[in-house]
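Numbers here simply count residues along the sequence, with the first being 1. Note that these values count all heavy atoms, side chains included, but never hydrogens, waters or copies made by symmetry.
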Amino acid sequence: MTTRQGSLSINSENIFPIIKKWLYSDRDIFYREMVSNGCDAITKLKKLDMMGEYTLPDNYEPKVEIRVNPNDKTIKVIDNGLGMTADELDEYINQIAFSGAADFLEKYKDKANDDQIIGHFGLGFYSAFMVADEVHIDTLSWQKDAAPVHWSCDGGTEFEMCDGDRDTVGTTITLFLNEDCLEFCNEYRAREVLDKYCSFMPIPIYLVNETAEPQYETILPEEKTEKDVVVETIVEEAKMEERENEDGEKEYVEVSPRTEKLKIEKRPVPINDTEPLWTKQPGDCTEEEYKTFYREVFRDYREPLFWIHLNMDYPFNLKGILYFPKINTEYDSIEGVIKLYNNQVFIADNIKEVIPEFLMLLKGVIDCPDLPLNVSRSALQNDGFVQKISEYITKKVADKLIGMCKTEKEDYEKYWDDISPFIKYGCLRDEKFCDRMNDYILFKDINDKYLTLPELLAAEEEAESEDDEEAAVNAEDAAPDESADEGGLEEEDEYKDTRETVYYVTDVNQQGQYIRMFKEAGMDAVILDHSIDTSFITQLEQRNQHYKFMRIDADMTGALKEEVPEEDLKDALDALTETFRKALGKEDLNVQVEKLKDTSVASVITLSEEGRRMQDMMKMYSMNGMDPSMFGGDETLILNVSNPLVNYILEHGDGEHVPMFCKQLYDLAMLANQPLAPEAMTEFVNRSNEIMMILAEE
C-alpha cells in the first residue's frame, strides 16, 4: 500500500458542530467509547460467523484488552473483532460521524435481528482526542486477502495512512496521552473508570499494566490449559521419616509423595460481568443472587426490602431491576441511584427523562437499547418514546405493590414504614400512579393495625350508621316542632359537609391525651407522622371528594362528649370565658364549654385543620414559631364542666388562686397540642412548683 496523506472529511448532515475537546462532558468517558467500539467489532464478527460469511478459529475467545503504560504515557485498546480495511478506515474514521454500526446494521438488517451493537453516531472514536495528542490505529480486516493498515493523526484535520504490521484479525488503538491526562494510564485510575463504565459490557474486558512486575501462580499439571505460560516446574521430592516397625526395627517410611507443580504467569481475570443479573429471566434468579448483585453494585450491605425485575421485549426492549432499600431516615435525606445502561454499557445515573422522579429514590439498573440517546450518550433526546418507557416503569412498580398488598399483605405491612415515603412521593408527583395506588395505601392506626383507605372508610361508615340511627330516634321526637320550617332546614343541609372524616395523629407522645380519649370512646385514628404527610393527605382529599382528613386535636367530636342542650351550658360558658380571658390576658380567646365523658380531662386545645395545616406549611418554609392567633382565631380552649378543677374555677371565679389555675390549665392543654415556647415553658415550671408549695402548706 502506498503511503498517502489527506484531510478528514466532515459529514455535516450527521454531526453537530462539536469539536473534539467538547464532544463529551467528562473526559474519562473516552474509555467507555474505546471499549464499546471494541465490543461492537467483536459482536459484528460473531454475527458474520453466525451468518456463514466468516469462520471463527476453533480457539477463538472474544476479548477487549486495555494495556496501560505510564512510562510511555500510552493506552492501548486491543480487540479481536472484525477489523477494518483501508477503504473502511476512509469511511468510518476519515469521514467523521459516518457510523460503522449504522452501516453494518443497514447492510445486514434482514439477517441480524438480535443486535447488541452499541455505536450509533460514529463519533465515539474521536473522544480519544480529548486526552491524547496523537492516536494510532493498527488493524487487519476479516475479509479474505485483506492487508493490515496503519493510521495516525495528531489531533488536527490531517491524517496519515499506510501499510501496517498487524498479523491477526482485529484492531489496536494507541493513545499517546497529553500531559494533562496522564492519570488515565495509571492502572488504578484506569480500573476505577473501567469499573464505572464497563462493568457489564457483553464482551470480556482485561486490564494489563505493561510496566508492572509479572505475577505468578502455582497449579497442578492436570490444571494446565493451552493458554498458560509455564515459567518453571516446581518439584517437591517425597518426604521420608525414620520409624520403628512392628518388629522394633528402624526403617524409612514415605510420609508425603513426590509432587510436581507448574509455576505459570497469573491467569488474566476479566474486570467485567458479561451476563449481569438483569439480562436473565426472573425465574432463573435466586433471592441470594438478587441480594449479592445489590451489595456489589450499590455498595450497600443492608439487605433491600424487595425488588422488581423488569423484563420487556415489546413494544420496546427494556430490562432492569429496581430495589426498595431499607431506610432509617427522614424523607428529605433519602438518596437513591438508578443506573441507566444501553446494551450493558453504562450511560448515566438518574436520567430524569426516563426514570420517574419519585423512583430515583430507589436503587436499581435500567437497560434499554431502544433509548434515543444524544451524541454523547449522557442525555436523552426529546422523544415521546421516552415518556412511554417512563410510564411503563411506573406501571410495573404500581403493579408490584398492588400485587403484594393483595397476595402478600403480611410482608407488605412489614415493609410499609420503609416504602411509604416512596409511594407517597410518587402519588404527589404522578397522578396515574396515585390513582392506581389509591386503594392500596396503608395507614397504621392507633392500635398498631394497618388499614387501607377502603377499610378505614368502611369502619367509619359503620360507626356513622350507628350514630345516624340514634340521631334519627331523637329527630322523630322533635319532628312536629320543625315541620313548619322545612324549607329552611333543606337550605341549611345543602351546605353541610357530608364528607367522611379520617382522624389522624402526627405525634403519638404529644397527642397521647387525645389518643386515650379516642380509644375509650371506641374511635380510631391513623398515624401520619412523616414530613411528607401534610402534602400527601391534601393530595388524597383533592382526588377523593367523599372524605377528609382531620387531626385528632382539630375538633372535639361528638363521640367524646355527652349531649347537653346549649342553654344548659350558657351560664358556665359566659363565666368561664370572662375568667380565663382575664387571667390569661387574652381578650379574643375562644372558649368552649363541654361535658366530656372523660372526667379526668380538664382542658383541651383545638386548632382547626385549616389553621394547623397553614402552620405546618409555614414551618416547612422556616417560618415556625408563629403564634396560632395569627390564623384567624382558630385556637379554641375547651373546658370540661365534668372535671372538678374546672368546677372549682367556675365556683370561685374571684378566688386568690384562680388566675394561677387558669394559666396552668391553659398550658397543660397547650402541651398536649404542641410544645410550649421557651419563656412559656419556664413560667409553666415555676408555676407548677408554686402550686405544689401551696398544696404542701395546706
Side-chain angles (χ1 to χ4, degrees), residues 282 304-312 320-327 331 334 336 338 355-364 390-462 499-506 524-550:
L305 298 173
F306 59 94
W307 47 87
I308 302 171
H309 195 139
L310 306 171
N311 193 333
M312 186 175 186
I321 305 173
L322 296 178
Y323 290 91
F324 281 74
K326 183 173 179 58
I327 56 174
Y331 164 80
I334 299 173
I338 303 291
I355 309 297
E357 186 179 4
F358 74 96
L359 291 183
M360 289 184 185
L361 304 175
L362 307 184
K363 294 182 179 181
S390 178
E391 291 175 356
Y392 165 76
I393 294 173
T394 302
K395 182 179 182 302
K396 292 297 291 184
V397 171
D399 289 345
K400 173 70 174 182
L401 297 171
I402 291 170
M404 288 181 64
C405 186
K406 289 180 176 179
T407 63
E408 305 171 49
K409 185 72 178 296
E410 187 174 337
D411 285 340
Y412 192 60
E413 292 178 0
K414 183 174 64 177
Y415 300 146
W416 180 254
D417 290 343
D418 284 295
I419 67 175
S420 60
F422 301 115
I423 297 175
K424 292 173 181 178
Y425 186 53
C427 289
L428 288 173
R429 303 298 299 178
D430 190 310
E431 291 185 357
K432 290 183 179 179
F433 181 78
C434 185
D435 290 339
R436 289 191 181 102
M437 292 301 303
N438 191 80
D439 291 346
Y440 304 97
I441 296 164
L442 294 186
F443 294 87
K444 184 178 180 180
D445 71 2
I446 55 178
N447 298 306
D448 293 331
K449 293 181 179 179
Y450 288 91
L451 303 169
T452 64
L453 268 175
E455 290 169 341
L456 274 172
L457 296 176
E460 290 290 337
E461 288 177 2
E462 184 177 349
R499 292 177 297 170
E500 296 180 58
T501 300
V502 177
Y503 291 97
Y504 67 96
V505 175
T506 57
D524 201 0
V526 298
I527 299 172
L528 296 173
D529 56 1
H530 211 284
S531 57
I532 197 175
D533 283 327
T534 299
S535 301
F536 175 62
I537 60 177
T538 301
Q539 165 91 338
L540 288 182
E541 287 174 334
Q542 291 172 351
R543 304 184 69 78
N544 297 271
Q545 300 296 325
H546 59 290
Y547 65 81
K548 61 181 178 179
F549 283 86
M550 184 178 292

Do you know which two heavy atoms are closest between [X] and [Y], and how far apart they sit?
X: V505; Y: A525; answer: CG2-CB, 4.2 Å
X: K363; Y: I338; answer: C-CD1, 4.0 Å
X: Q539; Y: C434; answer: NE2-SG, 4.0 Å
X: Y440; Y: W416; answer: O-CZ3, 4.4 Å
X: H530; Y: P421; answer: NE2-CG, 3.7 Å
X: I308; Y: K400; answer: CG1-CG, 3.4 Å

[atom1] of [X] to [atom2] of [Y]: how many Å apart, nearest 0.5 Å?
X: C427; Y: I441; atom1: SG; atom2: CD1; answer: 4.0 Å
X: T394; Y: M437; atom1: OG1; atom2: CE; answer: 12.0 Å
X: M404; Y: K409; atom1: CE; atom2: NZ; answer: 12.0 Å
X: W307; Y: L322; atom1: CH2; atom2: CG; answer: 13.0 Å

Measuring only between side-chain heavy atoms, which start at C-beta, is [X] closer than 4.5 Å to [Y]?
X: I423; Y: L401; value: yes
X: L310; Y: I321; value: no
X: T538; Y: F536; value: no
X: E431; Y: R543; value: yes
X: F549; Y: T534; value: no
X: L456; Y: D445; value: no
X: F443; Y: L453; value: yes
X: I537; Y: M550; value: no

Test of understanding: with side chain to side chain contact (heavy atoms under 4.5 Å, CB included), list the residues that count as partners of [X], not counting sequence neighbours.
X: E391; answer: Q387, K432
X: E410; answer: none
X: K395; answer: D399, R436
X: D448; answer: K444

Any chance you could lay out the side-chain contact (heavy atoms from CB on, under 4.5 Å) test for L451 and V526, step after step, and finish with the verdict? CA-CA 9 Å; L451 303 169; V526 298; 5.8 Å; no
Under 3.5 Å, is there a donor-acceptor pair between the D417 and Y450 side chains?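 A donor-acceptor contact under 3.5 Å links the two side chains.
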[X]: salt bridge (charged side-chain N to carboxylate O under 4.0 Å, His left out) partners, not counting sequence neighbours:
X: E541; answer: R613
X: R429; answer: E357
X: D533; answer: K424
X: D439; answer: none

Give a yes or no on whether the backbone of Q542 and the side-chain of Q545 come within a donor-acceptor separation of less than 3.5 Å.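 Yes.
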Return the set of residues passing ring-ring contact (aromatic ring centres under 6.0 Å, His included) with F324 (not counting sequence neighbours), or none when no residue passes.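 F306, F422.
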Applying side-chain hydrogen bond (donor to acceptor under 3.5 Å, both in side chains), name anything that partners Y547, two or more places apart in sequence or on another chain.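 side-chain hydrogen bond (donor to acceptor under 3.5 Å, both in side chains) list for Y547, sorted by chain: N544.
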Could you tell me which residues satisfy side-chain hydrogen bond (donor to acceptor under 3.5 Å, both in side chains) with Y412, sequence neighbours excluded, listed by chain and number?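 None.
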